[in-house]
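Comments concern the structure below.
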2 protein chains.
Amino acid sequence: MIAKINLKEQGLTETTPRLAVLKAMEANTAQHMSADDVYRYLLERDRPLPMSTVYRVLAQFEQAGIVERHSFDAERTKQVYELKDSEHHDHMICIKCRSVHEFLDPQIESRQIEIVENLGFSLTDHSLNLYGICAGCDRKDAQSEEAIKQ
Amino acid sequence: MIAKINLKEQGLTETTPRLAVLKAMEANTAQHMSADDVYRYLLERDRPLPMSTVYRVLAQFEQAGIVERHSFDAERTKQVYELKDSEHHDHMICIKCRSVHEFLDPQIESRQIEIVENLGFSLTDHSLNLYGICAGCDRKDAQSEEAIKQ
DNA sequence: ATACGAATGCGAATCAGTCGCAATACCATT
DNA sequence: AATGGTATTGCGACTGATTCGCATTCGTAT
Ligand SMILES: [Mn+2]
Ligand SMILES: [Mn+2]
Ligand SMILES: [Zn+2]
Ligand SMILES: [Zn+2]
């Protein structure tokens, strides 16, 4: 399901830092990784890379279309990256546990295009983030409320 | 159309800085204001406020539900604020001229709720930003392309 | 007018991310 | 395999946006 990414095919020479960051991303497809996550992953499991290089390589990857950058978290500004090999999707973020659920809704996707067309606007990109409380946290909330009542 | 905002009703004492920031926001409902925009507006038209106070007051307003904070601009992290007296709406941002168009689509709004309900998630907030090129910039683009051909 | 807590002004600090530049690594060519 | 020129890296310094600490001042209820 994950297409093997070849740096050369993306117009990037294969250097040690780039391969390391790519490996870090491929080893963590289940999560959205901050630059710091990548940094720490490499520090622990591979060889350390300076943060500036991590950022630089991620920026190169973003330009090459290998990764996508998001900023969830309406308050904080920390950015996260994910490999772009899967299909486009939007995100649902739990404001309690920070977990992120991915989804794709064809109705919303196509409606967006209709909206912009009606305004002579051409769409290049979009970001839809839903914020709320996930099923797991909701359950925990209910439990602790009950506990307080005792 | 703009409901007069009363600080006391929002649980905030009426201090000079707070009234000044509120006036700045009310005088600029047509745009989304950065903290710096507010700072400069007050510097020029009113009395100067330190940036830290501008930020603090905007944060207080956000908590009180008087303003809403957004971060458009997928790359940069600069945040902007707008008075929350109008109805909820989403944003369409021109990546050329940075102009922002506001819209509200009932279909998308209700679809979002359906999506989260199906997942036992409870929705507290959302942000939908469409990025692209506005009609005006599109026209200018076409013109300059023609000019190059000559 | 007084007193107390809340809010402000000031500058220092933080935080994420970027930049300049000398040292190094790639890679095509001998 | 050595060479050379370019692209990339490592390092630290730097930036811009935002936040914090704390002494001072303001707002409000006596
Ligand atoms: Mn994702
Ligand atoms: Mn708006
Ligand atoms: Zn959760
Ligand atoms: Zn435009």
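Lettering follows sequence order; numbering is per chain, from 1.
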Side-chain N or O of [X] less than 4.0 angstrom from OP1 or OP2 on [N]?
X	N	value
B:Thr15	C:dT8	yes
B:Thr16	D:dG27	yes
B:Arg18	C:dA7	yes
A:Ser34	C:dA16	no
A:Gln79	C:dT18	no

**Request:** Go through the steps to decide whether B:Lys23 and B:Glu26 satisfy the test salt bridge (charged side-chain N to carboxylate O under 4.0 Å, His left out), and finish with yes or no.
**Result:** CA-CA 5 Å; B:Lys23 233 173 58 183; B:Glu26 287 177 330; over 6 Å; no
**Asked** Counting any heavy atom closer than 4.0 Å, what does B:Ser52 reach on the DNA or RNA strands: base, sugar-phosphate only, or nothing?
**Response**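 Base, at least one base heavy atom under 4.0 Å.
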Nearest listed nucleotide, side chain of [X], among [options]:
X	options	answer
B:Val57	D:dT8, C:dT8, D:dG10	C:dT8
A:Tyr55	D:dT19, C:dG17, D:dC11	C:dG17
B:Thr13	D:dT9, D:dT28, C:dG9	D:dT28
B:Ala35	C:dT18, D:dT18, C:dT8	D:dT18

In whole angstrom, give the distance that lies between atom [atom1] of [X] and atom [atom2] of [N].
X	N	atom1	atom2	value
B:Arg40	D:dG16	CZ	C1'	14 Å
B:Gln63	D:dT19	CD	P	11 Å
B:Leu19	C:dT8	CG	P	10 Å

**Asked** Do B:Leu130 and A:Gln112 touch side chain to side chain, with heavy atoms closer than 4.5 Å?
**Response**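 Heavy-atom side-chain distance check passes, below 4.5 Å.
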**Request:** Could you grab the distance from atom OH of A:Tyr39 to atom CG of A:Asp36, nearest 0.5 Å is fine?
**Result:**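 Separation between the atoms: 8.0 Å.
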**Request:** Compute whether any side-chain donor of one residue and acceptor of the other, for A:His88 and A:Glu68, lie under 3.5 angstrom apart.
**Result:**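 Short answer, no.
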